[in-house]
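Data block below; observations after.
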Amino acid sequence: MSSVDFINENINWKDITPGGEVYEGGTAADFRTGDWRVSIPEFIADKCKQCLLCTPVCPDAAIPVENGKRADFDFDHCKGCGICAKVCPFGAIVMKKEEK
Amino acid sequence: MAIRERLSGNEAVAIAMRQINPDVMAAFPITPSTEIPQYFSTFVANGQVDTEFVPVESEHSAMSACVGSEAAGARTLTATSSCGLALMWEELYIAASCRLPIALACVNRALSGPININCDHSDSMGARDSGWIQIYSENNQEAYDNFVQAYRIAEHKDVRLPIMICQDGFITSHAVENINLLEDKEVKDFVGEYNPQEYLLNQDHSMAVGPYDIPAYYMEHKKQQAVAMENAKQVILDVAAEFEKISGRKYGLFETYKLDDAECAIVIINSAAGTAKDAVDKLRAEGKKVGLLKIRVFRPFPAKEIAEALKNVKVLAVMDRCEGFSSQGGPLGAEVKSALYTAGSTTKVVDYIYGIGGRDVRVENIEEVYGALFDILATGNIGETYRYLSLRD
Amino acid sequence: MANFKEIMSRPERLTGGHRMCAGCGGTIAVRNVLKALKPEDKAVIANATGCLEVSTFMYPYTAWTDSYIHNAFENAGATLSGVEAAYNVMKRKGKIDDTFKFIAFGGDGGTYDIGFQSLSGAMERNHDLVYVCYDNGAYMNTGIQRSSATPMYADTTTTPAGKVSEGKTQNRKDLAEIIASHHIPYVAQTTFIGNFSDLHAKAEKAIYTKGAAYLNIMAPCPRGWRYPTENIMEMCKLGVETCYWPMFEVIDGKWILNYKPKNKLPIEDFLKPQGRFKHLFKKGNEHYIEEIQKDVDKRWEQLLKFCEE
């Protein structure tokens with residue numbers, strides 16, 4: 001069971017972890033920051049040459065690289081900053097207004 | 001087999017540290033505790049311990065490194081005094097709230113300013129609300145014995161809190177006295193191996209320490225920490241009972257001296273208790289019903305037990321070797337009065353500020369305190385409750 | 001060194017779901033430094049208080065897949081010294097078999113200023129660790145106050161440009177040079193350029209050089225610098241092409257210049273896109289820009305001498 005499954009705002013003082021320790025890594029992956037977006041990147045796979053220049057510039061690790069190739073965006077975490085679209089030499093990422 | 005020796009308080013604590021053979025010591029020198037890391041560095045240099053000694057550039061970094069080391073899974077200690085402890089202040093709270101059982105040898109010295117290198121308790125008393133267990137020592141034997149017991153208390157699963165073992169600067173730290181030491185193996189077996197359940201260098205899974213805690217969690221964490229401090233009281237007694245088995249020396253939360261039928265008594269901490277016992281003996285020889293309560297454990301504060309021990313005392317002086325600038329006395333006075341009030345006591349209490357900045361405390365000074373208590377007893381008039389002892393008026 | 005594709009294929013060691021601002025440069029710095037870790041190695045991360053800390057470990061959400069410790073603002077260096085000491089003794093005692101690496105992250109507040117002493121101590125003692133400063137040139141977490149890394153004439157909330165003030169009147173301190181004077185095995189300065197090969201290479205050297213290492217990474221903050229989030233790579237490029245932020249290494253005391261612009265751009269190219277310098281472009285303020293240019297030129301010439309270029 002992940003810490004974030006049992007540590008929530010209903011936890012009592014007896015069950016909370018001492019000193020706020022968390023006994024695993026990467027639990028933030030369960031937290032959605034995608035809701036923050038006002039712009040959303042669109043990945044146009046046809047135009048992508050898999051140069052991967054968009055991958056190191058993402059502050060939110062929202063461009064997964066699988067088998068040496070980038071996949072579509074992780075929209076749970078992408079905050080829509082637009083850096084990736086700006087660095088793409090091939091126009092394979094376009095920013096659009098987020099429709100809520 | 002006890003080993004008879006003649007040692008200063010600093011040597012005694014350094015030997016306890018060698019016998020414990022901790023993993024990491026991070027320290028920065030400050031009078032009068034400097035000798036402790038000095039002696040310990042010699043043990044490191046001669047291969048008598050396995051410890052990594054980190055000669056940091058300040059006390060703030062000493063406690064910061066201790067926090068890192070202890071969180072990483074290593075049994076860790078340091079030593080300091082006075083301004084050194086004050087510089088650690090922020091880190092003391094962090095060590096406690098991260099629930100790290102670090103041990104600190106505190107050699108009590110006055111805080112600046114003006115700068116003064118001599119004994120008083122303003123350093124550790126200033127840290128009294130930081131969440132550290134505080135145990136005080138009357139002499140080198142107690143300093144040694146308390147340090148040997150420190151990790152058993154701090155690392156206990158119901159506690160997990162840092163611990164400060166205090167002794168008086170120069171008076172105890174530098175004066176050479178007879179002492180009984182335990183064999184190295186006895187200490188090693190008593191203290192045991194440190195195997196924390198969770199630590200940063202755990203190979204099986206990652207761990208995160210020191211979060212940003214939002215209001216939804218902070219209070220629950222503090223309550224848990226407060227309960228750990230309450231738990232420490234029983235653990236201290238249990239560890240003392242075990243320690244008695246190997247040493248023959250008995251320790252409690254405090255020591256009472258001729259208190260049972262005492263009409264007038266004083267509450268005191270550390271080395272001046274020895275002087276005060278002589279005063280009690282002298283007055284008892286004159287037929288005066290006087291007694292003494294010497295605090296060993298100040299955090300957690302054994303309020304109920306103290307109130308119970310003082311229940312027959314008619315007039316009490318609480319001796320504070322530290323100003324509190326509350327305009328009402330020092331911190332020990334506030335604690336004792338609070339304990340008595342909660343217990344419904346009607347004992348009359350005066351608070352004495354004494355011995356600060358190393359002002360000498362003699363038997364006749366303590367006799368003077370008892371004399372004042374008998375005046376209150378006789379007249380029923382308490383007068384000024386916030387007094388200075390041995391002050392030139 | 002692994003190639004770009006291999007590096008980017010390594011597992012993420014700073015996950016999404018942290019609360020840093022959209023377009024944050026600090027996070028880009030951290031992600032890419034961590035990419036230089038060999039996947040088989042473990043790490044303990046220490047973090048000074050700052051944006052990064054409050055946003056990446058908000059209980060119970062840690063964005064770090066490795067073990068992580070936040071202690072306080074001014075002591076990431078000392079804290080990690082303690083962790084490294086613990087590792088040495090536990091390894092010696094046979095309690096640990098795996099290889100752990102030690103990396104501290106601090107902003108310029110926690111590094112240049114309040115954490116300076118603790119950092120200096122850790123470097124001087126030559127602990128086997130890396131200290132990484134993500135330098136965005138102000139105390140961004142508390143709301144864009146000046147630091148000793150803030151460039152001259154920047155408008156910050158404690159050096160506001162006003163009727164009689166043109167922003168921060170003092171110069172910025174050169175921390176990489178100061179740390180180099182500790183004579184540690186490895187010091188480098190870099191930022192985000194192209195496919196990050198310079199940053200990845202320096203991070204790898206820093207992590208895998210025995211002893212203390214220091215990385216100074218310019219990591220623009222879109223809020224504090226006042227530019228649109230998507231332009232971060234342009235900001236970094238202009239920083240380098242104007243010689244405001246040179247990329248260099250100091251390996252065992254030898255200074256090496258990693259990039260020399262063919263046509264050094266005027267400093268106003270770097271200043272102009274940033275809202276924090278807007279006041280310098282008012283008519284009559286040209287001399288402030290000239291003054292900054294002179295300073296950049298002076299520092300660049302000095303660096304060329306250090307590097308025997």
Side-chain angles (χ1 to χ4, degrees), chain A residues 2-8 11 16-17 19-34 36-39 41 50-70 73-87 89 93 95, chain C residues 3-32 34-35 42-43 45 55-70 192-197 199-200 219-220 222 228-234 236:
Chain A
S2 168
S3 313
V4 293
D5 293 334
F6 74 95
I7 301 168
N8 55 50
I11 197 166
I16 205 163
T17 59
E21 294 168 338
V22 172
Y23 311 119
E24 62 189 313
T27 53
D30 282 3
F31 188 83
R32 283 174 56 92
T33 52
W36 298 11
R37 273 193 308 274
V38 289
S39 301
Q50 291 298 343
C51 70
L52 302 185
L53 282 178
C54 56
T55 60
V57 303
C58 177
D60 295 287
I63 304 177
V65 179
E66 291 158 9
N67 304 318
K69 291 186 172 171
R70 66 150 293 175
F73 289 99
D74 166 5
F75 287 110
D76 281 349
H77 297 125
C78 168
K79 293 170 187 155
C81 67
I83 302 172
C84 56
K86 191 97 187 202
V87 300
I93 305 168
M95 297 304 293
Chain C
N3 68 36
F4 179 53
K5 190 178 271 191
E6 285 163 355
I7 289 172
M8 294 322 298
S9 300
R10 286 174 175 173
E12 287 300 333
R13 296 176 103 128
L14 185 79
T15 69
H18 59 72
R19 329 287 175 98
M20 297 290 263
C21 301
C24 168
T27 330
I28 297 172
V30 172
R31 262 193 77 213
N32 284 286
L34 296 179
K35 285 284 183 192
K42 294 185 163 66
I45 310 298
S55 304
T56 61
F57 186 22
M58 189 182 278
Y59 185 73
Y61 297 98
T62 171
W64 307 81
T65 64
D66 292 287
S67 277
Y68 169 92
I69 180 166
H70 160 249
F192 316 145
I193 297 291
N195 70 356
F196 286 61
S197 59
L199 194 154
H200 290 150
T229 53
E230 63 268 25
N231 292 344
I232 193 165
M233 296 301 283
E234 185 66 12
C236 293

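Numbers restart at 1 for each chain; the letters A, B, ... are given by sequence-line order, proteins then strands. What you see is a predicted model, and the numbers here were worked out from it, not measured in a lab.
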Counting only N and O atoms by type, is there a donor-acceptor contact under 3.5 Å from the side chain of [X] to the main-chain atoms of [Y]?
X	Y	value
C:His18	A:Pro59	yes
A:Lys86	C:Met233	no
A:Thr27	C:Pro60	yes

_Closest-packed option against chain C by number of heavy-atom pairs under 4.5 Å, given A:Gly80, A:Pro56, A:Gly82_ =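 The residue among A:Gly80, A:Pro56, A:Gly82 with the greatest pair count is A:Pro56.
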
*Quick one: of A:Thr33, A:Thr55, A:Asp74, who has the most non-hydrogen atom pairs under 4.5 Å with chain C?*
A:Thr55

*Where does C:Arg19 contact chain A at under 4.5 Å (heavy atoms): side chain, backbone, both or neither?*
both

*Which bit of A:Ile63 is near chain C, if near means a heavy-atom gap under 4.5 Å: side chain, backbone, both or neither?*
neither

*Between A:Ala29 and chain C, which part of the residue has a heavy atom less than 4.5 Å away: side chain, backbone, both or neither?*
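Contact with chain C involves both backbone and side-chain atoms of A:Ala29.
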
_I'd like to verify something: which residue of C:Leu14, C:Asn32, C:Val30 has the highest number of heavy-atom pairs under 4.5 Å with chain A?_
C:Asn32

_Between C:Thr229, C:Ile7, C:Asn231, the one whose heavy-atom pairs under 4.5 Å with chain A are most numerous_ =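 It is C:Thr229.
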
Write down the atom of [X], the atom of [Y], and the distance for their closest heavy-atom approach.
X	Y	value
C:Ala22	A:Lys79	CB-CB, 3.7 Å
C:Gly16	A:Ala61	N-CB, 4.1 Å
C:Tyr59	A:Thr17	OH-OG1, 2.7 Å
C:Arg31	A:Cys58	NH1-O, 2.6 Å

*Run the numbers on A:Val22 and C:Phe57 for side-chain contact (heavy atoms from CB on, under 4.5 Å), then give the verdict.*
CA-CA 10 Å; A:Val22 172; C:Phe57 186 22; 3.7 Å; yes

*Looking at CE of C:Met8 and SG of A:Cys51, how far apart are the two atoms once the value is rounded to the nearest 0.5 Å?*
11.5 Å

